[in-house]
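Since we're looking at a predicted model, the values are computed, not measured. In this chain, residues are counted from 1 in sequence order.
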Amino acid sequence: MASPVSSAPGGVAVVGSGLIGRSWAMLFASAGFRVKLFDIEPRQVTDALVSLRKEMKMLEMSGYLKGELGAEEQLSLISGCSDLREAVEGALHVQECVPENLEMKRKLFAQLDKITDDHVVLSSSSSCLLPSKLFAGLAHVKQCLVAHPVNPPYYVPLVELVPHPETAPATVDRTYALMRRVGQSPVRLLREVDGFALNRLQYAVIAEAWRLVEEGVVSPGDLDLVMSDGLGLRYAFIGPLETMHLNAEGMLSYCDRYSEGMKRVLKTFGPIPEFSGATAEKVHQAMCVKVPDDAEHLAARRAWRDGCLMRLAQLKHQLPQ
Ligand SMILES: NC(=O)C1=CN([C@@H]2O[C@H](COP(=O)(O)OP(=O)(O)OC[C@H]3O[C@@H](n4cnc5c(N)ncnc54)[C@H](O)[C@@H]3O)[C@@H](O)[C@H]2O)C=CC1
Ligand SMILES: O=C(O)[C@@H](O)C(=O)[C@H](O)[C@@H](O)CO
């Protein structure tokens with residue numbers, strides 16, 4: 001068995017240099033961590049370093065760069081690696097960011113298991129794969145967990161910490177502290193569940209959104225306005241449970257007033273959509289009217305989205321809690 005690499009404190013390894021890996025790299029560097037980027041496709045690393053430089057310089061110019069260090073200092077902390085062992089050398093935390101494919105992730109964690117020691121946290125960015133499947137059979141399973149970000153992590157702070165049944169409490173505590181240190185808002189799931197919390201909520205919303213459009217109740221554009229100019233505004237500051245609490249004379253009052261109505265409406269919810277066929281075409285066309293699906297328009301809209309998220313985050317930071 002290969003000897004484990006030393007894991008002196010201070011470094012973070014980001015394995016997978018795509019959409020999420022790049023955002024994680026910016027976050028860890030903003031807090032002063034040395035970041036090593038690895039990817040099975042070397043071109044992804046070189047592209048990542050180019051795009052990170054462009055984005056971090058832009059953020060600095062617009063006053064939205066996170067952390068105390070300037071962009072050049074933060075960029076100097078990020079390096080590319082062509083070898084996985086080299087990437088995890090000296091790491092206290094490994095953030096896996098490869099595609100949402102169980103076998104692909106399991107193969108990578110099996111490699112990491114062989115080359116890391118008992119001190120490093122092995123964390124997956126998985127959207128909804130169960131830790132009990134991701135980390136099954138690993139020698140270092142106690143050091144493993146999911147730290148599920150929301151896209152893009154640099155602008156959306158929530159991170160769901162989801163343990164394997166054998167994950168050590170210290171692993172969760174260390175990761176929680178690390179996420180707070182890089183400015184994220186971690187939540188602890190007390191046990192694993194398919195889809196974790198965020199995607200269970202998100203997929204419930206997506207399913208009903210789809211049904212409302214499929215059944216001709218509302219147009220795709222107006223459906224999105226229901227969220228962006230309605231629920232989403234409130235949810236940017238208070239969650240669904242606190243919303244209930246404030247929408248009556250407290251939660252119990254809300255339940256007295258509205259539970260029969262909620263149960264009646266919930267009984268009308270239709271079957272799980274297929275997310276394909278005519279409705280998919282209809283929604284796709286509607287989205288393309290607003291944002292053509294070529295790379296340039298999608299990138300421009302993502303940049304607009306990220307600018308809005310930055311300003312909202314700054315406003316939230318300034319508001320009394
Ligand atoms: N895109 C999103 O909105 C979000 C994605 N995630 C999760 O993050 C993970 C990564 O997603 P994305 O960044 O969107 O994917 P992506 O496709 O943009 O990037 C994946 C990268 O992993 C690389 N890769 C593939 N196999 C590898 C290996 N064995 N070793 C090293 N690198 C390897 C690919 O070359 C690619 O550069 C997925 O599990 C996804 O579910 C989580 C939250 C949001
Ligand atoms: O929406 C997000 O950013 C995250 O919840 C994700 O995990 C993925 O984008 C997810 O929606 C893909 O199913």
Please find out if less than 6.0 Å separates the ring center of H140 from that of F135.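 Here the rings of F135 and H140 have centres that are no less than 6.0 Å from each other.
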Flag, side chain of K66 to backbone of Y154, donor-acceptor distance under 3.5 Å: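 Such a contact is found between K66 side chain and Y154 backbone.
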With ring pair (Phe, Tyr, Trp, His ring centres under 6.0 Å) as the rule and sequence neighbours excluded, what pairs involving residues 160-209 come up?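 Qualifying pairs: H148-F196.
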Could you note down all residue pairs passing ring pair (Phe, Tyr, Trp, His ring centres under 6.0 Å) where residues 250-292 supplies at least one of them, sequence neighbours left out?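 Pairs touching residues 250-292 that pass the test: W210-F275, Y254-Y258.
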Checking Q44 against S17: is there a side-chain donor and acceptor pair closer than 3.5 Å?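 No, Q44 and S17 have no side-chain donor paired with an acceptor closer than 3.5 Å.
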Between S125 and E96, is any side-chain donor less than 3.5 angstrom from a side-chain acceptor?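 No, because no side-chain N or O of S125 sits under 3.5 Å from a partner of the opposite role on E96.
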As an exercise, state the distance from CE of M251 to OG1 of T243, rounded to the nearest 0.5 Å.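 Nearest 0.5 Å value for the CE-OG1 distance: 9.0 Å.
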At what distance, to the nearest 0.5 angstrom, does CG of L319 lie from CD of Q314?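 If I round to the nearest 0.5 Å, the distance is 11.5 Å.
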Taking only Lys NZ, Arg NE, NH1 and NH2, and the carboxylate oxygens of Asp or Glu, determine whether R234 and E242 approach each other closer than 4.0 Å.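 Not counted as a salt bridge, because no side-chain N and carboxylate O are separated by less than 4.0 Å.
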Is it true that R301 and D293 have a side-chain N and a carboxylate O under 4.0 angstrom from each other?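 Salt bridge absent between R301 and D293.
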Under 30°, 30 to 60°, or over 60°: which ring-plane class applies to F28 and H93, parallel, tilted or perpendicular?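 Answer is tilted, since the angle falls between 30° and 60°.
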So R311 and Y64, do their side chains get closer than 4.5 Å, heavy atoms only?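 They are in side-chain contact.
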Could you check whether any side-chain heavy atom of T175 comes within less than 4.5 Å of a side-chain heavy atom of M179, counting everything from C-beta outward?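 Yes - at least one pair of side-chain heavy atoms lies under 4.5 Å apart.
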